[in-house]
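Below is one structure, written out as structure tokens; the observations come after it.
Residue numbers count from 1 along this sequence. Each ligand, and each atom within it, is numbered from 1 in the order the structure gives.
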Amino acid sequence: MRKYFLLTPGPTPIPPEVAQKESLPILHHRTSEFGEYFIQVIEGLKYVFQTQKNDIFIITSSGTGAMESAIVNLLNKDDEVIVASCGVFGNRWEKICNTYGVKVIKIESEWGKSVNPEEIEQKLKENPQVKCVFTTHTETSTGVVNDLKSIGNIVSKTDAILVIDAISGLCGQELKTDDWKLDVVVSGSQKGLMCAPGLSFVCVGAKAMPLVEKATLPRFYFDWREMKKSISKKQTPYTPAVSLIVSLAESINIIKKEGLENIFARTEKLAKVCRAGLKGLNLELFADESCACNVLTSAKVPENIDGKKIVKMLREEFGISIAGGQGKLEGKIIRVAHMGYIDQFDLFVAFTGLETVLSRMGHKLEFGNSIEKAQSVLNS
Ligand SMILES: *Cc1c(COP(=O)(O)O)cnc(C)c1O
């Protein structure tokens with residue numbers, strides 16, 4: 001018998017009420033019963049994305065599918081774009097662009113720091129032909145949040161379209177699609193939205209739509225024009241993940257009941273608790289504290305320890321899943337998520353497990369110190 005604790009920045013645990021909905025009898029997707037769920041979820045997502053007028057498309061794919069859909073629906077081969085990256089997921093925009101022959105002007109920040117909006121402003125001035133600017137809301141590989149409000153202001157004064165990957169940040173870290181002038185925002189079901197993996201979302205504004213009509217990159221399954229046509233019939237062009245959409249309706253109910261502002265405040269508190277707990281283990285935080293995000297926390301692994309072993313031992317011996325480093329940070333950091341259904345006591349499980357594992361590996365720490373530090377923040 002093994003009890004599992006899931007504290008990874010995707011997928012995240014899901015509430016039992018949401019899981020239960022997934023087991024209901026399958027509805028046919030061309031029925032009014034399903035249509036009602038579909039429209040309810042679209043309206044709920046408008047609340048979550050904080051938009052009044054934008055189109056919301058629901059795609060059966062992981063988050064990366066929504067990212068790819070943005071590129072094929074907005075661009076032509078040889079178009080020039082800016083990718084402003086501060087980690088693995090920022091770089092993913094560049095990789096997809098390269099796949100389709102879109103030319104990337106790259107802005108790269110040091111990992112652990114956020115994208116500098118002024119650099120985007122400068123690059124846009126130097127390259128007025130740029131069609132889109134791609135960046136990330138919360139960079140999950142490092143635990144950093146970008147200043148989307150400033151970036152939105154800058155890009156909105158140009159002809160370029162701003163495209164945001166908010167896959168891990170949506171519903172945990174403030175994001176105002178309309179107010180911040182974010183033209184396209186993509187997300188996924190398995191993080192802050194407390195659902196199983198398998199759905200992705202795109203939120204598309206009026207400034208982006210003319211590009212969608214003119215784009216010439218190849219697209220079929222991901223064609224937003226077909227998705228838009230189907231919505232008027234309360235349908236998707238092809239068979240949707242019916243059970244996931246039905247379960248998402250439940251998680252949106254839960255989200256609405258608590259209220260986005262309360263969720264943001266609760267998640268911010270969890271971030272503070274997590275930072276205190278990890279510091280209490282004598283670990284140094286990885287992300288710059290001035291731009292550390294609220295949905296996960298990253299910490300440096302001590303020099304003489306292999307971070308991959310920490311993750312492996314926690315999972316195999318104690319059933320606790322946290323994340324290690326990605327890309328050039330492999331083995332060098334650990335990442336603990338506190339988004340969605342993850343709560344304060346899940347974090348205490350992680351701290352206790354980490355205490356045991358780190359001390360076994362020879363890291364100097366005081367038992368109970370992490371808990372004490374985290375408790376004092378939790379109760380402040
Ligand atoms: C999880 C994540 C993705 C990738 O999502 P998949 O669902 O694995 O395709 C992309 N960007 C960010 C910021 C993420 O956190």
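Pairs of residues two or more places apart, or lying in two chains, that qualify as salt bridge (charged side-chain N to carboxylate O under 4.0 Å, His left out) and include a residue from residues 23-46 are Glu43-Lys46.
Other residues, nucleotides and ligands place no more than 12 heavy atoms under 6.0 Å from the CD atom of Glu118.
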If you look at each N/O of ligand 1, which protein N/O atoms lie under 3.5 Å away, and at what distance?
| residue | atom | partner | partner atom | Å |
| --- | --- | --- | --- | --- |
| ligand 1 | 7 (O) | Ser62 | OG | 3.4 |
| ligand 1 | 7 (O) | Gly63 | N | 2.8 |
| ligand 1 | 7 (O) | Gln190 | NE2 | 2.7 |
| ligand 1 | 9 (O) | Ser62 | OG | 2.6 |
| ligand 1 | 9 (O) | Gly63 | N | 3.3 |
| ligand 1 | 9 (O) | Thr64 | N | 2.8 |
| ligand 1 | 9 (O) | Thr64 | OG1 | 2.5 |
| ligand 1 | 11 (N) | Asp165 | OD1 | 3.3 |
| ligand 1 | 11 (N) | Asp165 | OD2 | 2.6 |
| ligand 1 | 15 (O) | Thr140 | OG1 | 2.4 |
| ligand 1 | 15 (O) | Lys191 | NZ | 2.7 |

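Side-chain N/O atoms of Asn76 and Thr216 include a donor and acceptor closer than 3.5 Å.
Ring-plane geometry between Phe134 and Trp93 is classed as tilted, the angle between the planes lying from 30 to 60 degrees on a 0 to 90 degree scale.
In this view, Lys113 and Glu110, Asp288 satisfy the side-chain contact (heavy atoms from CB on, under 4.5 Å) rule, not counting sequence neighbours. In this structure, the side chain to side chain donor-acceptor pair (under 3.5 Å) partners of Ser200, at least two apart in sequence or on a different chain, are Ser61.
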